[in-house]
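Right, one structure below, let's go through it.
All chains are named by letter (A, B, ...) in the order of the sequence lines, taking the proteins before the strands, and each is independently numbered beginning at 1.
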Amino acid sequence: MPELPEVEVVRRGLDEHVRGRTVARAEVLSPRAARRYVPGPAGLVAAVTGAHVTAVSRRGKYLWLQFGDGSGTDALVVHLGMSGQMLVRTPGGERHRHLRALLDLGESEVHFVDQRTFGWWLPSQLIEVDGTFVPEAVAHIARDPLDARFDPDRVVARMYGRPSEIKRLLLDQTVIAGVGNIYADEALWRVGVHGARPAAQLSRPKLRALIEAATAVMGEALAQGGTSFDALYVDVDGDPGYFSRALAVYGREDEPCPRCGAPIRREGFMNRSSYSCPRCQSRPRSAGPLPRRGR
DNA sequence: CCCCTCTCCTGATCGC
DNA sequence: TGCGATCAGGAGAGGG
């Protein structure tokens, strides 16, 4: 699933290929890809056609093509959801079965392929938030650990004393951006904290260590090209990342904990799976085991 | 504001 | 062979 490292890999690849190009033509093949844009698919096409790409930027899991003056809109925000891909293709090639939208840049095309359709494209205007210009659609998202102005103390302050389970806060993109289910589990394992533990039970230094662990694990994953479990996460050339082999707990039910050897457990949590070490990460007493929930 | 649950969607897989 | 259930989960709407 694309989390911060994976989205950053895509951003880098896109930036290299599309910076300086002009959108000659756009197509929205699946109206759902434009569902967040009130003017709809035709409006989206109109907004980006003729736009000149000056850069590809990112905050957390949101990335955007930034457009220069004279373009119909400031930016095209892209969220990959669970399975979105931004593929750089040569014009006239095959169209993937799950192709949802495309940008024709003349010498190349950008194909938005998304099997599970949780991803979206949204034209957006830039606004200034806390001294940085970001698209309106991203204004509510916190800075992520790769941001030069990321402030871990601020994140600690946002978490400290809260009654919410710590994993909820790690996944809250308005608290710290970029962390998804995989890296949340890995960061919690690194500091020996169970995700269901209320943040209020954690000291400031422990919260600080958790944020540093999340930063570290995402940095390591980025260096490996991100985490790919299947063909659903690939870079702009369609190639996978290699961090899945380095994961300590995520997706490793019943395998030995790399630290103590206890078999990794899987539990339902927030309508998804959480992986942890039963010995290194004791479950809080107050919150009992949550039943796995069906659809 | 804060906290939490539910819903959107497709396709692989599994049991019967 | 088919069919229904289950699972994967990011983000935002909405209820309390």
Self-check item: Any A:Y183 side-chain nitrogen or oxygen under 4.0 Å from OP1 or OP2 of C:dG10
Solution: no
Quiz item: Taking atom P of B:dC9 as reference, at what distance in whole Å does atom CZ of A:F112 sit?
Solution: 15 Å
Quiz item: For the residue pair A:Y183 and A:F243, does the interplanar ring angle fall in the parallel (under 30°), tilted (30 to 60°) or perpendicular (over 60°) class?
Solution: tilted
Quiz item: So which nucleotide from C:dA8, C:dA11, B:dT5 ends up closest to the side chain of A:R168?
Solution: B:dT5
Self-check item: Lys NZ or Arg CZ of A:R100 over A:W121 ring: under 6.0 Å, within 45°
Solution: no
Practice problem: Would you kindly give the CZ-to-C1' distance between A:R100 and B:dC8, to the nearest whole Å? | Solution: 13 Å
Quiz item: Out of B:dT10, C:dG10, C:dA8, which nucleotide sits closest to the side chain of A:Y275?
Solution: C:dA8
Quiz item: The side chain of A:E3 lies closest to which of these nucleotides: B:dT5, C:dG10, B:dT7?
Solution: C:dG10
Practice problem: Rounded to the nearest angstrom, tell me the gap between atom CE in A:M82 and atom C1' in B:dT10. | Solution: 9 Å
Practice problem: Rounded to the nearest 0.5 Å, what's the gap from CH2 on A:W120 to CG on A:L80? Could you check? | Solution: 10.0 Å
Quiz item: Of the nucleotides C:dA11, B:dC4, C:dC7, which has the atom closest to the A:R266 side chain?
Solution: C:dC7
Quiz item: Between A:S83 and B:dC9, is there a side-chain N or O to OP1/OP2 distance below 4.0 Å?
Solution: no
Quiz prompt | Short side-chain N/O contact from A:R162 to OP1 or OP2 of B:dC3, under 4.0 Å | solution = yes
Quiz item: Counting any heavy atom closer than 4.0 Å, what does A:R36 reach on the DNA or RNA strands: base, sugar-phosphate only, or nothing?
Solution: sugar-phosphate
Practice problem: Tell me what A:R158 touches on the nucleic acid: a base, only sugar-phosphate, or nothing, going by heavy atoms under 4.0 Å. | Solution: nothing
Quiz item: A:P163 near the nucleic acid: base, sugar-phosphate alone, or nothing, with a heavy-atom cut-off under 4.0 Å?
Solution: sugar-phosphate
Quiz prompt | A:R97 side-chain N/O to B:dG11 phosphate OP1/OP2 under 4.0 Å | solution = yes
Self-check item: Distance in Å, A:W189 CH2 paired with A:C280 SG, rounded so as to fall on 0.5 Å steps
Solution: 7.0 Å
Exercise. Starting at CD of A:E27, measure out to OG1 of A:T49 and round the result to the nearest 0.5 Å.
Key: 10.5 Å
Practice problem: Compare the minimum distances between each of C:dA8, B:dT7, C:dG10 and the side chain of A:H79, then state the nucleotide with the smallest one. | Solution: C:dG10
Quiz item: How many Å lie between CZ on A:R35 and P on B:dT10, as a whole number?
Solution: 11 Å
Practice problem: Quickly work out the A:L170 CG to B:dC3 P distance and round it to whole Å. | Solution: 14 Å
Exercise. Ignoring backbone atoms, test whether A:R32 places a side-chain nitrogen or oxygen under 4.0 Å from the OP1 or OP2 oxygen of B:dC8.
Key: no
Quiz item: At under 4.0 Å, does any side-chain N or O of A:H140 touch on OP1 or OP2 of C:dA11?
Solution: no
Quiz prompt | Nearest listed nucleotide, side chain of A:T117, among B:dT7, C:dA8, B:dT10 | solution = B:dT10
Quiz item: In whole angstroms, how far is the P atom of B:dC4 from the CD1 atom of A:I166?
Solution: 12 Å
Self-check item: Where A:Q173 and A:G178 come nearest, the two heavy atoms and their spacing
Solution: OE1-N, 2.8 Å
Self-check item: Integer-rounded Å distance: C:dT6 P and A:R272 CZ
Solution: 18 Å
Quiz item: Just how far, in rounded Å, is C1' of B:dT13 from CD of A:Q115?
Solution: 13 Å
Quiz item: At under 4.0 Å, does any side-chain N or O of A:S164 touch on OP1 or OP2 of B:dC2?
Solution: no
